[in-house]
A.B. asks: 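Mind having a look at this structure? Questions to follow.
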Amino acid sequence: MTVKTVKYEIENITDFSLKDTLECGQCFRFYEDDKGGYTGVVGKSVIRAFFCEEEGTLVIEESGEEKGREFYEEYFDLKRDYGKIKKYLINKDKKMKEVIEYGKGIHILKQEPFETLISFIISQNNHIKRIKKSIKMLSEEFGEEIKDGSTEKHYAFPEPKKLASLAVGDLSDIKLGYRDKYIIEAAKRVEAIGEEEFKKYRDKCFTETKSYLEGFLGVGEKVAGCVLLFGFNMMAGFPIDVWMKRIMRELYGVSIEDRKTMEEISIKLYGKYKGVAQQYLFNYAMKKKIM
DNA sequence: GCCCAGGAGAAGG
DNA sequence: CCTTCTCATGGG
């Protein structure tokens, strides 16, 4: 059987780096190859992406479902002026100059809401390495295979219906720990209203979507913040995890448990771009291992 | 073998 | 409202 592969070349991209974007901790399904390209599953497609820095050209080879160029321009958030955002942030706080330098090519991805929700439920009290592994195993067991012609098999993220049909015992060999029941409950809840309705929270107001998400078992402020930012594309999302706490203490002397002051600083210094600022900060703290 | 991780729920104050 | 305990697991 031959596998159809579609190729997109998106040109004239500035203020972008595939590496920074895919390795800053916002997504878990991409793996780098020895040529600097990245292969990963997006929805029901497998893509291999390569970004040529000198030309500013992003090349995407897609197999499986054909989503079209527009989809990837949105997925990688290529139409937003990140140069302007970075200037805005540095202008408000000079300390952001060095912070941004560590991940100046970061874009906020527009990922599938359901996959983002489950992924960040898994992320709680967990390591990125193991989160990636768990999501891979979950997809291999309960997701649909995507034929992409490569020797390595790829699987779509499981449908809500599939996960909703499981009992906790069915997830035991994936070793999700205490999170397995959260995942099944979340899937049931999304399945109950329908995935399309769930996606519509993208267009609702921030506070409504936030409190809706926090109503899920296993979803608190931090996980909700990640889903708002990476899944619902809301720049007002400001997830605060251990790394964010450390970097906020380092930069502004905020006490590690004083989440409220951190929120206040984010509004005052980062304004409407606090979501992007958060990702620069998180990336900086991780890469520099600020303790 | 120990510490920790993109935390959150539950119980008790 | 707040504090403390507990929850599984494996990477480093």
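Per chain, numbering begins at 1; letters A, B, ... match sequence-line order. Just so you know, these numbers use all the heavy atoms, side chains as well, and skip hydrogens, waters and symmetry mates.
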A.B. asks: Would you classify G25(A) as touching base, sugar-phosphate or nothing, given that sugar-phosphate means primed atoms plus P, OP1 and OP2, and contacts are heavy atoms under 4.0 Å?
C.D. replies: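 Here G25(A) touches the bases of the nucleic acid.
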
A.B. asks: Where the side chain of N125(A) is concerned, which of dG6(B), dC7(C), dG10(C) is the nearest nucleotide?
C.D. replies: dC7(C)

A.B. asks: Against the six-membered ring of Y270(A), is K274(A) placed for a cation-pi contact (under 6.0 Å from the centre, within 45° of the normal)?
C.D. replies: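 Cation-pi check for K274(A) and Y270(A): fails.
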
A.B. asks: Do K245(A) and I240(A) have side-chain heavy atoms sitting under 4.5 Å apart?
C.D. replies: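 Counting from C-beta outward, K245(A) and I240(A) do come under 4.5 Å.
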
A.B. asks: Rounded to whole Å, how long is the line connecting atom CG of N126(A) with atom P of dT6(C)?
C.D. replies: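 N126(A) atom CG is separated from dT6(C) atom P by 21 Å.
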
A.B. asks: Is the NZ or CZ atom of R29(A) positioned over F157(A)'s six-membered ring, under 6.0 angstrom from the centre and within 45° of the axis?
C.D. replies: no

A.B. asks: Mind checking C27(A) for me? I need base, sugar-phosphate or nothing, with any heavy atom below 4.0 Å counting as a touch.
C.D. replies: nothing

A.B. asks: Using atom CZ of F120(A) as one end and atom C1' of dA5(B) as the other, report the distance to the nearest whole Å.
C.D. replies: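 That distance rounds to 14 Å.
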
A.B. asks: Say we look at dT6(C) and dG6(B): how far apart would their P atoms be, to the nearest angstrom?
C.D. replies: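 Per the computed distance, 24 Å lies between those P atoms.
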
A.B. asks: When you match K133(A) and Q124(A) each to their closest nucleotide on DNA chain C, which lands nearer the 5' end?
C.D. replies: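 That would be Q124(A).
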
A.B. asks: In whole Å, what separates the C1' atom of dG1(B) from that of dT9(C)?
C.D. replies: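 My reading of the C1' atoms in dG1(B) and dT9(C) gives 15 Å.
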
A.B. asks: Are any of the side-chain nitrogens in E208(A) or K210(A) under 4.0 Å away from the carboxylate oxygens of its partner?
C.D. replies: no

A.B. asks: I want to confirm an ordering. Mapping R246(A) and V219(A) to their closest nucleotides on DNA chain B, which one lands closer to the 5' end?
C.D. replies: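 Of the two residues, R246(A) wins.
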
A.B. asks: For dG12(C), does OP1 or OP2 lie under 4.0 Å from any side-chain N or O of K129(A)?
C.D. replies: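 Yes.
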
A.B. asks: State which of dC4(B), dG6(B), dA8(C) makes the closest approach to the side chain of F282(A).
C.D. replies: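 Side chain of F282(A) sits closest to dG6(B).
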
A.B. asks: Is a salt bridge present between K67(A) and E62(A), judged by a nitrogen-to-oxygen distance below 4.0 Å?
C.D. replies: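 A salt bridge is absent here (no side-chain N lies under 4.0 Å from a carboxylate O).
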
A.B. asks: Need to verify one output field. Residue with the more 5' nearest nucleotide on DNA chain B, I131(A) or E214(A)?
C.D. replies: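 By nearest-heavy-atom nucleotide position, the 5'-most residue is I131(A).
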
A.B. asks: Once you round it to whole Å, what is the distance between C1' of dT6(C) and CZ of R179(A)?
C.D. replies: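 Distance check: R179(A) CZ to dT6(C) C1' gives 13 Å.
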
A.B. asks: Contact class for E221(A) vs. all strands (heavy atom < 4.0 Å): base, sugar-phosphate, or nothing?
C.D. replies: sugar-phosphate

A.B. asks: When the C1' atoms of dC3(B) and dA8(C) are considered, how many whole Å apart are they?
C.D. replies: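 After rounding to an integer number of Å, I get 15 Å for this pair.
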
A.B. asks: Rounded to whole Å, how long is the line connecting atom CG of L213(A) with atom C1' of dA8(B)?
C.D. replies: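 One finds 15 Å between C1' of dA8(B) and CG of L213(A), rounded.
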
A.B. asks: Shortest non-hydrogen contact from K132(A) to F30(A)?
C.D. replies: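 What the structure gives for the nearest pair is NZ-O, 2.9 Å.
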
A.B. asks: Between dG6(B), dC7(C), dG11(C), spot the one nearest the side chain of M244(A), thanks.
C.D. replies: dG6(B)

A.B. asks: To the nearest Å, give me how far apart CD1 (I121(A)) and C1' (dC7(C)) are.
C.D. replies: 15 Å

A.B. asks: Nearest whole Å is fine: how far is dG9(B) C1' from F216(A) CZ?
C.D. replies: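 In whole Å, dG9(B) C1' lies 17 Å from F216(A) CZ.
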
A.B. asks: Whole angstrom is fine here: how far is it from NZ in K181(A) over to C1' in dC7(C)?
C.D. replies: 7 Å

A.B. asks: Could you tell me how far apart E257(A) (CD) and dG7(B) (P) are, to the nearest whole angstrom?
C.D. replies: 16 Å

A.B. asks: Nearest to the I128(A) side chain among dG6(B), dA8(C), dA5(B), which nucleotide is it?
C.D. replies: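 Selected nucleotide: dG6(B).
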
A.B. asks: With no angle test and no hydrogens, is the base of dG6(B) tied to the side chain of Q279(A) by a donor-acceptor pair under 3.5 Å?
C.D. replies: yes

A.B. asks: For Y182(A) and for H127(A), find the nucleotide of DNA chain C with the closest heavy atom, then tell me which residue's nucleotide is more 5'.
C.D. replies: Y182(A)

